[in-house]
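Some notes on the structure that comes next.
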Amino acid sequence: AAGEPVNAETKRVYVVNLRGKLGRDVSATPMKGIMKDIRKEQPDIVVFRLDLHFAGGRGADIQKDMALPELDTARQLATMFTENLLQDESWIKKPQIVMWVRRAMGGAAFFPFVAKDIFFTSDGLHGGLQGLETGWGGMDERVRQKMMGIFRTRAEGLAQLGNHDERLVKAMMGYDYTLSVTVVGGKPECHEDYTGEILLKDNPIEDKARLDSIEEVARGRGNDLLTLNAKTAMD
């Protein structure tokens, strides 16, 4: 009620709504202003509500995105978080950073990994990347492999920044990879093969019989590349 003092134990939450396309609608320049305002407000928790779609816009969630520019944008924003929020000793108190995902599709899939805490809406989706193996066509094979390695290392670095298993990033962006998981004592154990209880991603290059059908892709149920939904993310 108006006029009543705020309890000293009440958490101050700062919510940032990020919608559209990473790199176009969400970029480093406006984020600098947001960072200044967060510093001014000194919240306990900063929540980034993500509704970020493919490079092509808000089209069907079944399309795939190579996401080279968006990875660079995600890395720029990650640097801003670490320098302005996590490592800056001048803060009176450092806020908890939370990613709240409705959509983090295509290149935006890299962005949530920069924070330790990720939550999903009940219809949340996180992934939709295109396999690395389809990129850099026409290049010399040695150069192509080097480019793939650089891209993979940068993407995995974002996962490590948020203390997430980089194998999730590998599964999102590489066809030639297998990932399954077994829950032991309430904690997931990842396996880079088919031995886990829950198959997150198969390897359609190793076994072409495992290729997703058109129907599976259209319904968002394919597993040639990992796309997390609320249930698989929780598991």
Side-chain angles (χ1 to χ4, degrees), residues 14-35 46-81 97-115 117-135 151-152 154-159 161-162 164 168-175 200-201 212-234:
Y14 190 110
V15 180
V16 183
N17 292 301
L18 302 179
R19 302 186 182 94
K21 179 199 166 194
L22 194 68
R24 182 187 67 191
D25 305 301
V26 177
S27 62
T29 301
M31 194 63 72
K32 288 179 182 177
I34 292 172
M35 290 293 173
V46 179
V47 178
F48 290 92
R49 296 181 61 180
L50 307 183
D51 197 2
L52 299 171
H53 295 252
F54 292 100
R58 293 173 173 266
D61 284 331
I62 63 170
Q63 55 184 312
K64 302 295 181 183
D65 192 350
M66 192 63 214
L68 295 176
E70 290 84 356
L71 173 59
D72 286 339
T73 301
R75 293 177 68 225
Q76 278 185 313
L77 298 180
T79 300
M80 293 176 66
F81 288 157
I97 307 299
V98 175
M99 296 289 174
W100 189 9
V101 177
R102 180 175 181 271
R103 291 289 184 273
M105 302 298 286
F110 300 114
F111 186 53
F113 286 115
V114 304
D117 298 305
I118 304 176
F119 292 81
F120 277 60
T121 62
S122 59
D123 64 342
L125 288 175
H126 177 193
L129 285 162
Q130 183 180 7
L132 278 179
E133 296 86 351
T134 63
F151 188 93
R152 187 181 292 111
R154 288 176 175 175
E156 291 173 7
L158 292 180
L161 183 65
H164 299 288
L168 294 174
V169 178
K170 285 184 181 179
M172 282 187 175
M173 63 182 186
Y175 288 114
L200 294 178
K201 185 209 171 305
D212 294 338
S213 67
I214 294 174
E215 291 78 12
E216 287 172 326
V217 174
R219 294 174 182 175
R221 296 176 182 172
N223 63 359
D224 288 347
L225 293 165
L226 175 63
T227 293
L228 293 169
N229 58 35
K231 182 183 184 306
T232 53
M234 179 64 75

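Heavy atoms only: backbone and side chains are in, while hydrogens, waters and symmetry mates are out.
Judged as a side chain to side chain donor-acceptor pair (under 3.5 Å), and not counting sequence neighbours, the contacts of Asp117 are Gln96. Every residue meeting the side-chain contact (heavy atoms from CB on, under 4.5 Å) condition with Ala230, not counting sequence neighbours, appears here in chain and number order: Phe120. Not counting sequence neighbours, the partners of Ala115 by the side-chain contact (heavy atoms from CB on, under 4.5 Å) test are Ile97, Met99. Contacts of Thr232 classified as side chain to side chain donor-acceptor pair (under 3.5 Å), with partners at least two apart in sequence or in another chain: Asn229. With sequence neighbours excluded, the residues satisfying ring-ring contact (aromatic ring centres under 6.0 Å, His included) with Phe113 are His126, His164.
Within the 4.5 Å cutoff, side-chain heavy atoms of Met31 are placed close to those of Leu18. Contact check for Leu129 versus Phe110: side-chain heavy atoms found under the 4.5 Å cut-off. Leu226 has its side chain out of reach of Lys170: every pair of non-hydrogen atoms, C-beta onward, lies at least 4.5 Å apart.
Looking at Arg102 and Asp51, a side-chain N of the basic residue comes within less than 4.0 Å of a carboxylate O on the acidic one, giving a salt bridge.
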How far apart are the C-alpha atoms of Val101 and Ile118, what are their side-chain angles, what is the distance that settles it, and do they pass the side-chain contact (heavy atoms from CB on, under 4.5 Å) test? CA-CA 7 Å; Val101 177; Ile118 304 176; 4.0 Å; yes
Passes side-chain contact (heavy atoms from CB on, under 4.5 Å), Asp212 versus Asn223? Steps please. CA-CA 7 Å; Asp212 294 338; Asn223 63 359; 3.3 Å; yes
Test side-chain contact (heavy atoms from CB on, under 4.5 Å) applied to Leu52 and Val26, step by step: CA-CA 9 Å; Leu52 299 171; Val26 177; 3.7 Å; yes
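Between Pro112 and Ala104 the shortest heavy-atom distance is CG-CB, 3.7 Å. Between Gln76 and Ala28, the closest heavy-atom pair is OE1-CB, 4.1 Å. Here the shortest heavy-atom pairing between Ala159 and Val169 reads CB-CG2, 3.6 Å.
Note that CG of Leu161 and CD of Glu156 are 13.5 Å apart. Values are rounded to the nearest 0.5 Å. Between the OG1 atom in Thr121 and the CZ atom in Arg103 there is a gap of 7.0 Å [rounded to 0.5 Å]. Note that the OH atom of Tyr14 and the CD1 atom of Ile34 stand 6.0 Å from one another [nearest 0.5 Å]. Atoms CZ and NE2, from Arg19 and His53 in turn, are 10.0 Å apart once rounded to the nearest 0.5 Å. A distance of 12.5 Å separates CG of Leu168 from NZ of Lys201, quoted to the nearest 0.5 Å.
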